Amino acid sequence: MSTTQTQMIAPDIVDMAGGDVRLVAWRRADGHLVFPKPLNDAAPVPLERVLLSPAGTLWSWTVQRFRPKSPPFHGSDSDPFEPFYLGYVEFPEGIIVEGRIDARVDVDKLRIGMQMDVTAVPIFTDERDAQVFAHAFRPVASHTTHSEG
Amino acid sequence: MSKVYIIGAGISPFGRHMTTGLEQGVAAAKAALADAGIEWPQIEFAFGGSWHAGKPDAALPSLGLTGIPFVNVANGCATGGSALLCAYSTIRSGDGDLGLVLGFDKHPRGAFNETPADWGLPDWYGESGLMLTTQYFAMKIQRYMSLYGITPETLARVAEKAFQNGALAPHAWRREPIDAERILQSQMVSDPLTKYMFCSPSEGGAALVLASERMVKRLGVEAVEVRAVTVRSRVNGSFEVFAPALDAESGPSATELAAEAAFAMAGVSPEEIDVAQIQDTESGAEVMHMAENGFCAHGEQERLIRDGETRLTGKRPINTDGGCLACGEPIGASGLRQIYENVTQLRQRAGKRQVKAPRLAYSQVYGAPGVSAVSILSI
């Protein structure tokens with residue numbers, strides 16, 4: 001996907017400069033990785049920006065089958081709703097990150113422990129009719145046999 | 001340092017009512033005072049908790065403007081246990097001989113709806129649909145089932161037991177038995193949890209009267225001893241509610257920490273507990289909390305539940321009034337409901353849901369963002 005056309009829901013959650021999608025984590029002075037960047041961090045030493053590996057293993061997952069209340073969910077309670085998948089993926093750097101799971105995946109094949117990589121998926125359109133993207137995960141095997149445009 | 005006792009316990013039936021949360025709280029407080037055989041002017045201090053139903057000290061005009069210290073406690077789903085800790089510490093340290101602990105709530109319908117900024121989280125976490133407690137519980141049990149071989153049938157059995165016990169508890173909300181098959185077939189809410197495996201936010205009030213050793217002697221009343229009260233928050237490496245990320249290196253949960261500290265404080269081991277009320281936000285939580293509280297090894301729950309060991313007639317009955325599944329979840333009251341139920345069981349006043357001659361009772365309440373409160377009572 002083109003980085004200029006991908007409007008992420010918030011800045012600096014992912015980094016696409018290298019051609020793939022990498023999650024942006026932050027290393028505290030005590031060595032702990034955190035995600036996302038803490039809002040009100042009072043640490044005297046700036047956090048180190050760390051790009052996580054492009055893939056990890058599925059740690060857990062579920063399906064959101066009812067429309068979350070708005071706010072804080074985008075839109076309004078009367079908007080149409082499609083159930084969405086979400087989960088946590090464990091990265092080699094020692095952090096487990098939560099995110100959407102790409103809706104096009106065959107969810108019957110989701111297995112804890114399977115390899116997942118990072119992508120971005122549109123999750124809603126904003127008031128200017130532009131698509132807003134969130135980071136997401138998808139099973140590695142589901143797409144490695146075809147080329148991505 | 002004084003020993004601490006519960007000399008009165010009162011409850012306002014859980015469910016959905018026309019009365020306000022405050023009115024339900026006042027009713028529970030008056031019931032606890034009557035149960036203890038004391039009048040409000042004798043109360044020297046009070047702690048009260050409510051998440052959605054206003055400031056608990058608004059009960060003072062109804063109870064009596066006696067000028068006593070009344071502190072409001074807000075600690076999420078662990079509010080009741082946290083308020084109990086405050087009262088316990090007051091008596092134990094000798095700062096008071098007779099106090100009230102009160103909890104009540106009245107929640108709007110539907111799932112809890114929290115604002116990310118209130119929890120130190122960015123707006124996008126809620127905008128993208130990740131700010132839901134239901135997702136946390138579903139993913140925690142999903143992983144647990146995969147690691148330890150817990151089956152969906154076990155989740156259904158826990159809920160089935162809850163509704164059976166609720167039918168025997170006058171203060172419960174859901175009082176109709178629902179069988180395991182119907183629970184399994186009910187609508188999936190957040191895989192693997194179906195509708196009947198989840199508790200619903202509800203309304204209710206519960207209250208306790210606590211007394212020092214010398215006050216118990218002075219009043220000459222029957223008393224249940226508070227052997228331990230602990231509250232713990234999360235450390236790095238535990239998986240708690242509203243977590244955009246967590247450490248891969250796992251550490252103890254808030255519940256494990258609170259449980260361990262409580263057993264040490266009481267000088268008893270999990271094997272000695274006769275009856276336990278543990279957080280059952282959904283049936284998977286009851287399963288996982290059995291192990292986190294030290295009552296079994298991870299995975300052993302499958303056999304224990306299948307063999308009926310957690311039922312009223314089993315070796316260690318769990319959630320004898322149906323827990324949050326049957327009573328619903330009024331946040332400020334649930335922790336105190338658990339203790340009300342334990343006091344009722346210890347005094348052998350539980351009627352049709354009475355457990356055989358319990359001597360030691362345990363409670364554990366848990367909530368976002370990773371707070372757990374445990375109590376151990378004895379008679």
Side-chain angles (χ1 to χ4, degrees), chain A residues 8-11 13 23 25 30 32-40 52 56-75 77 81 83-100 107 110-113 123-124 132-136, chain B residues 108-148 187-195 198 201 235-239 241-251 282 284:
Chain A
M8 295 298 295
I9 195 171
I13 294 178
L23 284 167
D30 65 2
H32 268 111
L33 274 177
V34 295
F35 172 90
K37 192 171 191 189
L39 285 178
N40 299 303
L52 297 182
T57 57
L58 186 64
W59 191 84
S60 192
W61 64 276
T62 187
V63 186
Q64 180 61 40
R65 292 196 183 269
F66 63 89
R67 193 184 192 286
K69 286 180 180 171
S70 297
F73 193 48
H74 73 87
D77 285 343
F81 176 71
F84 59 83
Y85 292 75
L86 61 141
Y88 283 87
V89 169
E90 180 169 352
F91 289 89
E93 288 81 12
I95 186 172
I96 303 167
V97 179
E98 185 183 18
R100 294 287 191 104
V107 289
L110 280 180
R111 291 287 179 273
I112 288 170
I123 59 168
F124 60 87
V132 177
F133 286 71
H135 68 280
Chain B
R109 287 178 193 280
F112 287 118
N113 190 36
E114 294 300 316
T115 302
D118 291 346
W119 301 79
L121 294 170
D123 292 344
W124 65 257
Y125 191 71
E127 283 166 10
S128 61
L130 299 179
M131 192 79 187
L132 281 107
T133 57
T134 45
Q135 295 169 357
Y136 164 77
F137 288 108
M139 287 196 275
K140 189 176 175 192
I141 189 61
Q142 181 91 285
R143 178 169 176 83
Y144 198 85
M145 290 164 84
S146 161
L147 290 177
Y148 299 114
Q187 186 177 32
M188 193 66 82
V189 167
S190 193
D191 306 37
L193 297 166
T194 67
K195 171 180 158 184
F198 267 109
V235 295
N236 281 320
S238 71
F239 179 39
V241 193
F242 301 146
L246 61 148
D247 284 359
E249 192 183 325
S250 65
E282 39 76 29

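Chain A is the first sequence line, chain B the second, and so forth, proteins listed ahead of strands; every chain is numbered from 1. Just the heavy atoms: all of them, side chains too, but no hydrogens, waters or symmetry mates, feed the values below. Since we're looking at a predicted model, the values are computed, not measured.
- Of the atoms belonging to B:Leu132, it is side-chain heavy atoms, and not backbone ones, that fall under 4.5 Å from chain A.
- The choice from B:Leu193, B:Leu130, B:Leu147, B:Leu121 that makes the most heavy-atom pairs within less than 4.5 Å of chain A is B:Leu130.
- The parts of A:Ile95 that come within reach of chain B are both its backbone and its side chain, each placing non-hydrogen atoms under 4.5 angstrom from that chain.
- Both the backbone and the side chain of A:Leu86 come within less than 4.5 Å of a heavy atom in chain B.
- You'll find the ring centres of B:Phe239 and B:Tyr136 inside the 6.0 Å limit.
- No side-chain donor-acceptor contact under 3.5 Å links A:Arg65 and A:Thr62.
- For a residue to count as touching a neighbouring chain, one of its non-hydrogen atoms must lie under 4.5 Å from one of that chain's; by this rule A:Phe84 touches chain B with the side chain only.
- Neither the backbone nor the side chain of B:Ala117 comes within less than 4.5 Å of any heavy atom of chain A.
- Interface remark: B:Tyr125 contributes side-chain atoms only to the contact with chain A (heavy atom separation under 4.5 Å).
- For the set B:Gly129, B:Ala138, B:Ser128, B:Ser146, the entry with the most heavy-atom pairs within less than 4.5 Å of chain A is B:Ser128.
- In this structure, A:Lys37 places its NZ atom where only 12 or fewer heavy-atom neighbours from other residues, nucleotides or ligands lie under 6.0 Å away.
- Taking the six-membered ring for Trp and thresholds of 30 and 60 degrees, A:His74 and A:Phe124 have nearly parallel ring planes, at less than 30 degrees apart.
- Minimum heavy-atom separation, A:Phe81 to A:Gln64: CZ-O, 3.6 Å.
- In this structure, A:Ser70 and A:Gly75 approach most closely via the heavy-atom pair CB-O, 3.3 Å.
- For the residue pair B:Ser190 / B:Thr134, no side-chain donor-acceptor distance below 3.5 Å is found, with atom types taken as modelled.
- Interface residue B:Pro244: backbone and side-chain heavy atoms are both found under 4.5 Å from chain A.
- In terms of heavy-atom pairs under 4.5 Å with chain A, the best-connected choice from B:Thr115, B:Asp123, B:Asn236 is B:Asn236.
- For chain B, the option among A:Leu33, A:Ile9, A:Ile123 with the highest count of heavy-atom pairs below 4.5 Å is A:Ile9.
- When every heavy atom of A:Pro72 is checked against every heavy atom of B:Glu114, the shortest pair comes out as CG-O, 3.5 Å.
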